[in-house]
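Structure first, commentary second.
Every number for a ligand or one of its atoms is a count from 1 in the order of the listing.
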Amino acid sequence: MPESLLQLKNISYSYHNLQAETPALSRISFHIDVGEFVAIVGPSGCGKSTLLSIIAGLLSPEEGTIIFHNPDGSLHYPKIGYMLQRDHLFEWRTVYQNAILGLEINHMLTPENTEYVLSLMRDYDLYKFKDQRPSELSGGMKQRAALIRTLALNPQLLLLDEPFSALDYQTRLTVSADICHIIRKSGKTALLITHDLSEAISLADRVIILSKRPATVKRELPIRLSLSGDSPLAARNAPEFQDYFNLLWEALSDEKK
Ligand code: ADP
Ligand code: MG
C-alpha cells in the first residue's frame, strides 16, 4: 500500500475585498502518494492556482487541514518546488547561474549539489548552453532550465501550475515529455495543473477533476495505460486513451453548462 505524502481534508477558501466575497474552494479533499504524479483539471477560474498556493503554504485555508507525512514520521512542512507558466529566468545571469540560484540563496552551493545541476543539464541538452543568457534559449529549453533550478533544491513535492501553456503545440509535446521523464527519473512526487486533457492523461497516474468555482472535487480518475512504460507521446496511442479523454471531456462539459 503506497504511503501518502500529502492529505487535504475539507479545504475551503474565499477571497475577500470591500465589495464582495469570492468563494474559490469548497471542501476539497484528496491525497497524493509518495512518488505519484497527479494532474488537476478544471474550468478556467475555478480555483486551481488558489489550491496550489494553499498547498505551497502561500495562503492559509479558511477551513480544513493539510497533513504531510514525512518519511521520517515527522509532521514538518516538506520542501516544495513551484514551477509556473513563465520560466522567470533572470537575463542578467547565465543559464547555469540561473539554475544554481536557489542553491545560492539557500547557502547550499556544495560540490555535490552543483554536480547534480550539471548532470541534469547534461542529460537534458542544456550543458552546451550553460554560459549563454536565457534569451538565447528556445521556450522549451527555458522551461527545462527552470525545472532544473527547481529540482536543484531537492524538493519533496513539485507543484506545476500550467508550466507548458506558454509554449507552442509542438514544443509543448516534447517539453512535457522531457519534464515528465525528469520528474519520474528523480522519483519526485508531483502535482500538475493543466487545461490540456490529453496532457493530463498521458503524463499523470491520476487525474482530479474540479468543478466550476467554488471548486469541489468532482471526480478522481486513476489512469492505467497499456503503453505507459513508453514516453508520454507514445502513451497517447494507447487503446484506453480515447475512453479516458471522453470521460474527462464529459465531466468538464457538465461544468461549462
Ligand atoms: P484558476 O487557476 O483555476 O484559473 P484561480 O485560483 O486563479 O483560478 O482563481 C479562482 C477565482 O478566484 C477566480 O474567479 C479569480 O478571479 C479569483 N481570484 C484569484 N485571485 C484573487 C485575488 N487575489 N483576489 C480576489 N479574487 C481572486
Ligand atoms: Mg491558474
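- Residues T194 and D196 approach most closely at OG1-N, 2.9 Å, considering heavy atoms.
- The aromatic rings of W249 and F245 sit parallel to each other, their planes meeting at less than 30°, with 60° as the upper class boundary.
- From K188, atom NZ reaches atom CD of Q156 across 8.0 Å, with rounding to the nearest 0.5 Å.
- Within the protein, the N, O or S atoms sitting under 2.8 Å from the Mg ion (ligand 2) are S49 OG.
- Judged by distance alone, the side chains of S4 and D33 never bring a donor and an acceptor atom under 3.5 Å apart.
- Comment: D205 engages R184 in a salt bridge, judged by a side-chain N to carboxylate O separation of less than 4.0 angstrom.
- Salt bridge K9/E63: absent, no basic N to carboxylate O contact under 4.0 Å.
- The heavy-atom pair separating S186 from Y116 by the smallest distance is CB-OH, 4.3 Å.
- Looking only at atom types and distance, the side chain of E36 has no donor-acceptor partner in the side chain of T189 under 3.5 Å away.
- A donor and an acceptor atom, one from each side chain of T216 and S26, are nowhere located under 3.5 Å apart.
- Contact residues of ligand 1 (protein heavy atom closer than 4.0 angstrom to a ligand atom; sorted by chain and number): Y15, S44, G45, C46, G47, K48, S49, T50, R213.
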